[in-house]
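To start, the structure under review is shown below, and the notes come after it.
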Amino acid sequence: MSSPEIAFLSWGQMKVQGCTVTYKDCKVWPGGSRTWDWRETGTEVPPSTVEYLRKQGIDVRVLQTEQAVKEYNALVAQGVRVGGVFHSTC
């Protein structure tokens, strides 16, 4: 399964390729996407989470949303299976 492209981003709105829902914040992964309720986890990525993922051999990038979408879509265009968590109002 490939990762879906983020087709549109503006303040408070995100569209993911192949999805009819307009998200405010979303999680995307190879084959899907869903709303991200950041109240469940907060908007900061804990250092322990980054460390755990890196120990699993996963490349982690914590970026401002517009830059994160650009990097994510560039990786998708290269055929890389990639996931992300995006907060469109920061």
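We're numbering straight along the sequence, starting at 1.
Residues passing the side-chain hydrogen bond (donor to acceptor under 3.5 Å, both in side chains) test with Tyr72, sequence neighbours excluded: none. In this structure, Gln13 has no side-chain hydrogen bond (donor to acceptor under 3.5 Å, both in side chains) partners at least two apart in sequence or on a different chain. Annotation: side-chain contact (heavy atoms from CB on, under 4.5 Å) contacts of Gln17 (sequence neighbours excluded): Glu5. Residues meeting the side-chain hydrogen bond (donor to acceptor under 3.5 Å, both in side chains) test with Ser3, sequence neighbours left out: none.
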For residues 49-63, dump all side-chain donor-acceptor pairs below 3.5 Å to protein atoms at least two apart in sequence or in another chain.
residue	atom	partner	partner atom	Å
Glu51	OE2	Lys55	NZ	3.0
Arg54	NH2	Val60	O	3.0
Asp59	OD2	Arg61	NE	3.1
Asp59	OD2	Arg61	NH2	2.9
Arg61	NH1	Glu71	OE1	2.5

Hey, can you pull the donor-acceptor pairs under 3.5 Å for the side chains in residues 78-90, sequence neighbours left out?
residue	atom	partner	partner atom	Å
Arg81	NH1	Met1	O	3.2
His87	ND1	Asp25	OD1	2.7
His87	ND1	Asp25	OD2	3.4
His87	NE2	Thr89	OG1	3.3
Ser88	OG	Gly12	N	3.3
Ser88	OG	Lys24	O	2.3

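Put simply, CD1 on Ile6 and SG on Cys19 are 11.5 Å apart, with the number rounded to the nearest 0.5 Å. Between the CG atom in Leu75 and the NZ atom in Lys70 there is a gap of 14.5 Å [rounded to 0.5 Å]. Atom CE of Met14 sits about 7.0 Å away from atom OG1 of Thr65, to the nearest 0.5 Å.
Contact annotation: the side chain of Arg34 never approaches that of Val21 to less than 4.5 Å [non-hydrogen atoms, C-beta and beyond].
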Intermediate values then yes/no, side chain to side chain contact (heavy atoms under 4.5 Å, CB included), Cys26 and Val16: CA-CA 9 Å; Cys26 69; Val16 175; 4.2 Å; yes
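Annotation for Pro4 and Val28: closest pair CG-CB, 4.4 Å, computed over non-hydrogen atoms. A pairwise comparison of heavy atoms in Thr41 and Trp36 identifies OG1-NE1, 3.3 Å as the closest pair.
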